[in-house]
There are 2 protein chains.
Amino acid sequence: MQKIHNLSKNQKIIFDLIDKSGGPMKAYSILFNVQKKGIKAPLQVYRALDKLVEIGKIHKIESRNAFIACQNSSCQVSKATAFSICESCENVSEISNSKLSKYLSNFSDNSGMKYSKYNLEFFGLCKKCKSK
Amino acid sequence: MQKIHNLSKNQKIIFDLIDKSGGPMKAYSILFNVQKKGIKAPLQVYRALDKLVEIGKIHKIESRNAFIACQNSSCQVSKATAFSICESCENVSEISNSKLSKYLSNFSDNSGMKYSKYNLEFFGLCKKCKSK
DNA sequence: TAACAGTATGTAATAATATAACATTTACAA
DNA sequence: TTGTAAATGTTATATTATTACATACTGTTA
């Protein structure tokens, strides 16, 4: 059961922008794009991003300092995320592979640590860039 | 066969500092610590860090913007890295688990992408913090 | 409806992280 | 000894993110 979050005005503006872009967006590029809608300051963007990440509507691509809309309704509130990143064209997509997510969610070792969350980033060349 | 890299003066100073610290260090904290050794500017630090990452002597913890000495001679030149991060005390350690690394190195899906590299970060509470 | 609590917003300033551009020097193989 | 790649030094600046403080909105409950 996915909890329904009613997005606030700024959250909605920013989520819609990222979602429509279809790819990762950086915070200051988001800021630039929403200035015409009245969002003027970095903090307004970061606050909305924080909330959207918290509720799982977007994810942060840590190695790129960028944010992408969640494409996978089953990755509940961003506790288990995996991405593939093309090092040539910087295309990013979310991997939804149930074997992989099961394997990682159940992973444990002898460190005594209880893992509650993970983020995985794969790098390589996408189909297009490979054939160039 | 591990290639031997002779570290330059700055690279050695910075690697030794990170290695001795035993944990992740941030770039500007490194800078502060090596100023007495004549390294005065951020760029000198970042250049050494870039090189050390490239040759696999250190890894970047992406979610923390921090750098840690490689504790695992088998993770050749940082192509396959996994870390566990305590969200309470921020302790970080490198996971060396051959099953995990085999599983991830061999991972492929139907995206047509060839993965040549990955970075995985697990989050949770370490033994100490769990028992508080 | 009034009072309250929690969430969201607005604004300015600043902190923290990282790179560009350019000049010079060192290491070392041809 | 000369050519070349790597490393260094320095200044300035770009990029990413947070602190601090004031105000407003939303929904609950007394």
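A, B, ... follow the sequence lines: proteins, then strands. Residue 1 opens every chain.
Nearer the 5' end of DNA chain C, as judged by each residue's closest nucleotide, is the contact made by A/Gln11, out of A/Gln11 and B/Phe67. With DNA chain D read from its 5' end, the first of the two nearest nucleotides for B/Asn10 and B/Pro42 is the one closest to B/Asn10. DNA chain D is contacted by both B/Ala41 and A/Leu43; B/Ala41 maps to the nucleotide lying nearer its 5′ end (nearest heavy atom per residue).
Proximity note for B/Arg47 (side chain, C-beta onward) versus D/dT16, C/dA21, D/dA7: the nearest is C/dA21. With D/dG9, C/dT17, D/dA17 as the candidates, the nucleotide lying closest to the side chain of A/Tyr46 is D/dA17.
Across the protein-nucleic acid pair, B/Leu31 atom CG and C/dA15 atom P stand 16 Å apart, rounded to whole Å. One interatomic measurement links the two molecules: CG of B/Leu49 to P of D/dA7, which rounds to 14 Å at whole-angstrom precision. Distance, B/Asp50 CG to C/dT17 P: 16 Å, rounded to whole Å. Atom CD1 of A/Ile61 and atom P of D/dT16 are 14 Å apart (whole Å). Atom CD of B/Glu54 is separated from atom C1' of D/dA7 by 13 Å (rounded to the nearest Å). Going from atom CZ of B/Arg64 over to atom P of C/dA18 covers 14 Å, rounded to whole Å. Separating the CD1 atom of A/Ile30 from the P atom of D/dT15 is a distance of 15 Å, rounded to the nearest angstrom. At whole-Å resolution of the value, CG in A/Asn6 and P in D/dT26 are 12 Å apart.
Contact annotation for A/Lys12: no contact, since no heavy-atom pair falls under 4.0 Å across all strands.
Aromatic pair A/Phe122/A/Phe83: ring centres not closer than 6.0 Å.
Of the side-chain N and O atoms in A/Lys26, one or more sit less than 4.0 angstrom from OP1 or OP2 of D/dT16. Distances shorter than 4.0 Å separate some side-chain N or O of B/Ser8 from OP1 or OP2 on D/dT8. Dashed line: the shortest gap from a side-chain N or O of B/Lys40 to OP1 or OP2 of D/dG9 is not under 4.0 Å. Of the side-chain N and O atoms in B/Asn65, none sit less than 4.0 angstrom from OP1 or OP2 of C/dA16. Considering only side-chain N and O atoms, A/Gln44 lies nowhere under 4.0 angstrom from the phosphate OP1 or OP2 of C/dT11. Close to D/dG9, at under 4.0 Å from its OP1 or OP2, lies a side-chain N or O of B/Lys9.
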message: Set out, in order, the CA-CA distance, both residues' side-chain angles and the distance that settles side chain to side chain contact (heavy atoms under 4.5 Å, CB included) for A/Met25 and A/Phe67, then state yes or no.
response: CA-CA 5 Å; A/Met25 290 194 75; A/Phe67 300 85; 5.7 Å; no
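For C/dT17, the base is stacked against the aromatic ring of B/Tyr28, per a cut-off of 5.5 Å between centres and 30° between planes.
If you take CD on A/Glu90 and CD1 on A/Ile61, they are separated by 10.5 Å, rounding to the nearest 0.5 Å. We find the CG-CZ distance between B/Asn119 and A/Phe123 to be 6.0 Å, quoted to the nearest 0.5 Å. Atom CG of A/Asn10 sits about 13.5 Å away from atom NZ of A/Lys51, to the nearest 0.5 Å.
More than 12 heavy atoms of other shown residues, nucleotides or ligands fall within 6.0 angstrom of atom NZ in B/Lys130.
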